[in-house]
Amino acid sequence: MSQFKALIFDVDGTLAETEAEGHRVAFNLEFERTGLPWHWDDLTYACLLDTTGGKERIARWIRAMDWEPTCDVAALHAYKNQIYAELVRAGKIALRPGVADLITRARAAGVRLAIATTTTPANVSELIESTMGVAALGWFEVIGAGDVVQQKKPAPDIYEWVLERMGLSPPECLALEDSVAGVSAAMAAAIPTLVVRSHYTRAARMPKGVVADIDQLTHGVFEFAAGQAILHS
Ligand code: XBP
Ligand code: MG
């Protein structure tokens with residue numbers, strides 16, 4: 001049994017299947033809109049996901065294709081995120097099973113909540129507001145996202161950034177992550193980590209030493225006491 005004062009959530013793949021249902025769809029719509037002859041099918045996207053960050057992912061693709069880098073990666077990425085926001089606002093992406101209940105119970109017990117993600121900050125706000133309501137952004141006392149740190153996951157930077165702002169030490173927190181890069185980032189920051197596998201990471205070889213490795217955050221994973229999330233693993 002382990003106890004934690006704070007839960008730090010990854011976003012993409014962990015709170016919702018945003019990679020499969022949102023980002024990949026938005027990248028492809030943007031490629032079509034711009035007239036680029038690219039399409040990231042499910043398998044291609046699964047391989048590309050080990051490059052975290054949408055801008056970095058596009059740049060890697062351009063390098064891998066040995067393509068003349070004539071397109072403006074930043075502009076492409078910005079439009080892709082507009083399309084992503086439209087998908088989210090249209091209600092195309094739901095929270096994963098158990099997430100809403102877990103957050104509700106954690107809040108009721110006074111467990112502190114934060115976010116550590118690679119995605120662009122606006123994507124986090126869009127997802128949280130559309131799935132949990134406008135007030136829900138305030139439930140997360142620190143939101144670490146995107147380019148606020150120099151190195152994205154699997155570097156520990158975003159987790160260290162969040163820890164510093166929460167004034168907590170790593171063992172007081174539990175990171176919830178779905179991907180190898182995310183788990184590596186949290187563990188490199190010495191934070192105990194729970195794996196919640198997602199569409200693209202069902203069969204991924206995760207780093208050794210995670211607290212637990214599950215497929216869904218459905219009821220029964222956590223118990224809560226005053227200010228503590230208790231995990232039976
Ligand atoms: C998320 C990412 C992001 C998203 C797309 O990783 O790597 O790049 O795929 O969002 P994690 P952006 O779940 O580990 O945080 O296009 O805004 O980068
Ligand atoms: Mg993730």
Side-chain angles (χ1 to χ4, degrees), residues 7-31 38 40 42 44-62 72-88 93 95-96 99 114-128 140 142-162 175-189 191 193-202 204 206-207 210 213-217:
L7 300 178
I8 308 177
F9 289 88
D10 167 49
V11 174
D12 296 310
T14 299
L15 291 184
E17 287 285 7
T18 46
E19 295 292 8
E21 295 165 11
H23 292 297
R24 187 180 77 84
V25 176
F27 278 116
N28 285 328
L29 286 170
E30 174 56 10
F31 298 156
W38 303 343
W40 290 351
D42 212 41
T44 305
Y45 196 67
C47 298
L48 289 172
L49 274 176
D50 61 14
T51 299
T52 59
K55 293 187 288 289
E56 293 81 351
R57 199 168 297 140
I58 297 169
R60 169 190 172 179
W61 175 254
I62 291 171
D72 179 344
V73 171
L76 203 61
H77 183 246
Y79 281 120
K80 167 261 169 188
N81 275 344
Q82 279 185 24
I83 298 171
Y84 175 82
E86 282 161 25
L87 293 172
V88 170
I93 302 174
L95 293 176
R96 291 186 60 186
V99 169
I115 281 178
T117 177
T118 296
T119 202
T120 307
N123 295 345
V124 181
S125 324
E126 292 289 353
L127 183 74
I128 289 179
F140 299 89
V142 177
I143 297 183
D147 295 323
V148 293
V149 289
Q150 215 160 17
Q151 291 198 76
K152 294 184 171 153
K153 298 173 186 178
D157 303 28
I158 196 68
Y159 277 101
E160 290 169 353
W161 192 93
V162 168
L176 292 91
E177 276 284 358
D178 71 305
S179 69
V180 173
V183 172
S184 305
M187 290 181 73
I191 301 174
T193 305
L194 168 71
V195 179
V196 192
R197 288 174 184 267
S198 63
H199 174 78
Y200 288 115
T201 66
R202 292 266 172 265
M206 291 291 168
V210 298
D213 187 339
I214 58 177
D215 290 325
Q216 299 287 4
L217 280 169

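Heads up: numbering here begins at 1 and tracks the sequence. Counting starts at 1 for both ligands and their atoms, in listed order.
- Taking the six-membered ring where tryptophan is involved, the planes of Tyr84 and His23 are essentially parallel, since the angle between them stays under 30° and well short of 60°.
- Note: Ile62 CD1 to Trp38 CH2 = 4.0 Å, rounded to the nearest 0.5 Å.
- Of all atoms in ligand 1, listed by their number and element, those nearer than 4.0 Å to a heavy atom of Thr117 are 15 (O).
- Within the 4.5 Å cutoff, side-chain heavy atoms of Leu194 are placed close to those of Leu217.
- Regarding atom 7 (O) of ligand 1, its nearest protein heavy-atom neighbour is Arg57 NH2, 2.9 Å.
- Every atom of ligand 1 is numbered from 1 in the order shown, and the set under 4.0 Å from a heavy atom of Asn81 is 16 (O), 17 (O).
- The shortest contact between atom 17 (O) of ligand 1 and any protein heavy atom is with Thr120 OG1, 2.5 Å.
- The shell of residues lying under 4.0 angstrom from ligand 1, judged by heavy atoms, includes Tyr45.
- Contacts with ligand 1 closer than 4.0 Å are made by side-chain heavy atoms of Asn123 only, the backbone lying farther away.
- Side-chain atoms of Thr193 come within 3.5 Å of backbone atoms of Ile191 as a donor-acceptor pair (strictly under, hydrogens ignored).
- Ranked by closest heavy atom to atom 8 (O) of ligand 1, the top entry among Ala145, Ala185, Gly53 is Gly53.
- For the Mg ion (ligand 2), the nearest N, O or S atom contributed by Asp12 is named O.
- The distance criterion of under 3.5 Å between nitrogen or oxygen atoms is not met by Leu49 with respect to ligand 1.
- Within Asp178, the N, O or S atom at minimum distance from the Mg ion (ligand 2) carries the name OD1.
- Side-chain contact between Glu160 and Val149: absent, with no pair of heavy atoms (C-beta onward) separated by less than 4.5 Å.
- Counting only heavy atoms of the protein, atom 10 (O) of ligand 1 lies nearest to Thr119 OG1, 2.7 Å.
- At under 3.5 Å, not a single nitrogen or oxygen of Thr51, backbone or side chain, sits near a nitrogen or oxygen of ligand 1.
- Without hydrogens or angle criteria, Thr52 side chain to Lys153 main chain gives a donor-acceptor distance under 3.5 Å.
- Evaluated for a side chain to side chain contact (heavy atoms under 4.5 Å, CB included) with Ile8, the options Val162, Ile115, Thr117, Ile158 yield exactly one hit, Val162.
- Residue, atom and distance of the protein heavy atom nearest to atom 18 (O) of ligand 1 are Gly54 N, 2.7 Å.
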Requested in this report: In sequence, state the C-alpha distance, the side-chain angles, and the governing distance for Glu17 and Arg96, and then conclude on side-chain contact (heavy atoms from CB on, under 4.5 Å).
Outcome: CA-CA 7 Å; Glu17 287 285 7; Arg96 291 186 60 186; 4.2 Å; yes
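- Shortest contact from atom 1 (C) of ligand 1 to any protein heavy atom: Asp12 OD2, 3.2 Å.
- Taking only non-hydrogen atoms, the option from His77, Glu56, Arg24 nearest to atom 12 (P) of ligand 1 is His77.
- The closest donor-acceptor contact from the side chain of Asn28 to the backbone of Trp40 lies under 3.5 Å.
- A donor-acceptor pair is defined here as one N or O able to donate and one able to accept, closer than 3.5 Å; such a pair exists between the side chain of Ser179 and the backbone of Gly182.
- Considering backbone and side-chain atoms alike, Thr118 places an N or O below 3.5 Å from some N or O of ligand 1.
- Residue side and main chain included, Asp10 places an N/O/S atom under 2.8 Å of the Mg ion (ligand 2).
- The protein non-hydrogen atom at the shortest distance from atom 11 (P) of ligand 1 is Asp10 OD1, 3.2 Å.
- Checking Thr14, Asp178, Asp215, Asp213 one by one against Arg197, the side-chain hydrogen bond (donor to acceptor under 3.5 Å, both in side chains) holds for a single residue, Asp213.
- Classification of Lys152 and Asp157 as a salt-bridged pair fails, no side-chain N sitting under 4.0 Å from a carboxylate O.
- The distance from ligand 1 to the heavy atoms of Lys80 drops below 4.0 Å at these ligand atoms: 5 (C), 10 (O), 12 (P), 16 (O).
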